[in-house]
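Both counts, for ligands and for their atoms, begin at 1 and track the order of listing. Along the sequence shown, the residues carry numbers beginning at 1. No experiment lies behind these values; they were computed from the predicted model shown.
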Amino acid sequence: MADCIFCKIVNREVPAFLINESENFLSFLDIYPHAPGHSLVIPKVHYQNFQHLPKELGEEFILVVQETMSILAKALKVDSFTLGINEGKLAGQVIPHFHFHLIPRFVNDGGGSIHAVVFNTQGTSVEEIYQRIKNES
Ligand code: 5GP
Ligand code: ZN
């Protein structure tokens, strides 16, 4: 996609600190890291988000994520990561080219767990939500 910064990284039109590469994926350091080694894994083809990623790429995607984790773990001496996707605008997705965040975690880094992202149950019970899901499936 012409105006996409991540497509430009894939096409080597914009530089990036590359960590790992496979046939269909690339990983590189995030330019505004939230921790040393904060990295992104992206598909080389422009898919808007995780929901658009073809299932056939699933295994290769997992492999590149795991390899990138191993590289970071060895170099930075870490064994903990926060892994995640900001899927869609409301979840904080800024760049509409699917990307998976790998954030190494360090002792006393002041961060929280993934539960810290949001706490907004809208007053609904788990039973109520389950019923809504079942009614639609
Ligand atoms: P999002 O909020 O969309 O999940 O995250 C986008 C991420 O891309 C951010 O963490 C941001 O720092 C990173 N980013 C934005 N522009 C660039 C860039 O030009 N190069 C690299 N390496 N990372 C970028
Ligand atoms: Zn793109």
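Here V107 is tied to no hydrophobic group at all, with no ILVMFWY side chain closer than 4.5 Å.
Counting all heavy atoms, side chain and backbone alike, G88 lies closest to Q93 at N-OE1, 2.8 Å. L83 approaches I114 most closely through the heavy-atom pair O-CD1, 3.9 Å.
Ordered by chain and number, C4 SG, C7 SG, H46 ND1, H97 ND1 make up the set of protein N, O or S atoms under 2.8 Å of the Zn ion (ligand 2).
Ion pairing between a basic and an acidic side chain is recognised when a charged N comes within 4.0 Å of a carboxylate O; R12 and E21 show such pairing.
In this structure, S27 contributes its side chain and L40 its backbone to no donor-acceptor pair below 3.5 Å. H52 places no side-chain N or O within 3.5 Å of a backbone atom of Q48 that could act as its donor or acceptor partner.
Protein residues with a heavy atom under 4.0 Å from ligand 1 are I5, F6, I9, F28, L29, D30, I31, Y32, L40, N86, G92, Q93, V94, I95, H99, H101.
Taking the side-chain hydrogen bond (donor to acceptor under 3.5 Å, both in side chains) definition, one finds that R132 meets it with nothing, sequence neighbours left out.
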Next on the checklist: Show, in sequence, the C-alpha distance, side-chain angles and deciding distance for H38 and L29, and conclude whether the side chain to side chain contact (heavy atoms under 4.5 Å, CB included) test is met.
Outcome noted: CA-CA 6 Å; H38 180 175; L29 293 176; over 6 Å; no
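Below 30°, between 30° and 60°, or above 60°: for H97 and F6 the angle between ring planes is above 60°, a perpendicular geometry.
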